[in-house]
Amino acid sequence: MALRAATATATATATAVAPRGLRALLSTFSSSFPFNTPSKQVEKPPPAEPSTNLFVSGLSKRTTSEGLREAFVKHGEVVHARVVTDRVSGYSKGFGFVRYATLEDAEAGIKGMDGQFLDGWVIFAEYARPRPPPPSMQNNNTTPGYGNYNSSSYGSQ
DNA sequence: GATGAGCGA
C-alpha cells in the first residue's frame, strides 16, 4: 500500500515537471501558427439599426450644437441636436447627436450629411446606438442607511 | 486644443 502510494506520488511529480519545457515549445508553435485564424470576424456589421437618433462624429471642436442643428436641418426636421462636451473642460469631444422627427428625415440626414464638410472637417453621420434609459427617480429619492421613513410601510397591516 | 477614436448628464 505504502509502496503504491509512493510510486504514484513520484510518477505524478515526474509528469508534472517533465512536460514544462515541451509545453512552452508547443504554445510557441501554436501561437505563431499563421493559419490558425480562430474564426476572426473580418466583416463589420452595420453600425446600428435605423432610428431617428443620429450619431455624428468627426466634428470640429468649435462646432456647437446650434451649428450641428443648422447643418442637419437642411435635410429634415431636427427635434434635438447636441454636441457632446466634456463636463469639466467644457470643450467639445468632437462628436454629437441629432434627433430627427421621422425616420425618413433621419435617413435623408445621413445620406445628405455623411461625408460632408462642417467647419472644415469631414463629418460622419450614422444611426446612434440605443442607449439604456437613465434611472427614473419616481420611486426612490432617499439615500438608504439614514433613517428614511417609508410611510407606506408604516402602520398598514 | 495637437486634423483626432468614438456613443451622450
Side-chain angles (χ1 to χ4, degrees), chain A residues 16 19-157:
Chain A
R20 240 194 292 178
L22 285 183
R23 247 189 244 148
L25 257 176
L26 276 181
S27 70
T28 305
F29 242 86
S30 54
S31 63
S32 62
F33 204 59
F35 310 107
N36 202 6
T37 46
S39 62
K40 189 173 184 175
Q41 276 192 343
V42 189
E43 56 202 290
K44 319 173 198 174
E49 56 183 86
S51 117
T52 59
N53 214 25
L54 262 53
F55 171 69
V56 187
S57 58
L59 294 176
S60 167
K61 310 246 161 160
R62 24 188 173 210
T63 302
T64 168
S65 297
E66 286 74 27
L68 192 66
R69 162 181 291 245
E70 291 180 13
F72 276 75
V73 80
K74 295 185 289 190
H75 302 277
E77 182 183 353
V78 175
V79 173
H80 186 203
R82 163 189 293 157
V83 169
V84 178
T85 56
D86 189 73
R87 265 171 88 80
V88 290
S89 70
Y91 282 107
S92 167
K93 285 187 176 176
F95 64 93
F97 295 89
V98 173
R99 180 179 286 265
Y100 276 106
T102 66
L103 275 110
E104 303 94 58
D105 287 353
E107 184 179 349
I110 289 185
K111 289 181 179 173
M113 289 307 298
D114 187 44
Q116 293 301 312
F117 275 86
L118 183 56
D119 286 334
W121 289 70
V122 181
I123 68 175
F124 299 101
E126 59 190 348
Y127 294 115
R129 300 194 184 111
R131 193 180 49 161
S136 62
M137 53 173 184
Q138 74 181 55
N139 203 0
N140 195 6
N141 196 8
T142 54
T143 20
Y146 279 100
N148 39 19
Y149 296 87
N150 198 352
S151 51
S152 60
S153 66
Y154 212 90
S156 301
Q157 193 187 28

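Quick caveat, the model's predicted, so the values are computed rather than measured. Naming convention: chains lettered A, B, ... in sequence-line order (proteins, then strands); numbering from 1 in each chain.
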Any A:Arg131 side-chain N or O less than 4.0 Å from OP1/OP2 of B:dC7: no
Quiz item: A:Asn53 side-chain donor-acceptor pair to B:dG8 base, under 3.5 Å: yes
Distance in angstrom units between A:Phe124 CZ and B:dT3 C1', rounded: 12 Å
d(CG, A:Asp86; P, B:dG6) in whole Å: 18 Å
Test of ring centre spacing under 6.0 Å for A:Tyr127 and A:Phe55: no
Protein-nucleotide distance (A:Leu59, atom CG; B:dC7, atom C1'), rounded to Å: 12 Å
Sugar-phosphate only, base, or nothing, as touched by A:Thr85 at under 4.0 Å among non-hydrogen atoms: sugar-phosphate
Touch class at under 4.0 angstrom, heavy-atom based, for A:Gly96 against every strand present: nothing
Value in whole Å for how far the P atom of B:dT3 lies from CZ of A:Phe117: 15 Å
Length of the line joining A:Phe95:CZ and B:dG6:C1', which is rounded to integer Å: 6 Å
Nearest atoms (heavy-atom pairs only) where A:Ile110 meets A:Ala125: CG2-O, 3.5 Å
Base of B:dG8 and ring of A:Phe97 stacked, centres under 5.5 Å, planes under 30°: yes
Sole residue of A:Val79, A:Leu68, A:Asp105 in side chain to side chain contact (heavy atoms under 4.5 Å, CB included) with A:Val98: A:Leu68
4.5 Å side-chain heavy-atom contact, A:His75 and A:Tyr100: yes
Upstream residue (5' side of DNA chain B) when A:Ser89 and A:Arg82 are each assigned their closest nucleotide: A:Ser89
Shortest side-chain distance from A:Ala128, nucleotide among B:dA5, B:dC7, B:dG6: B:dC7
Side chain of A:Glu126 (C-beta onward), nearest among B:dG6, B:dG8, B:dC7: B:dC7
Per A:Arg87 side chain, nearest of listed nucleotides B:dG8, B:dA9, B:dG6: B:dA9
Value in whole Å for how far the C1' atom of B:dC7 lies from CG of A:Leu68: 14 Å
Minimum side-chain heavy-atom gap A:Phe95-A:Ile123 below 4.5 Å: no
Gap between atoms NZ and P, on A:Lys93 and B:dA2 respectively (whole Å): 19 Å
Sugar-phosphate, base or nothing in reach of A:Leu54, heavy atoms under 4.0 Å: nothing
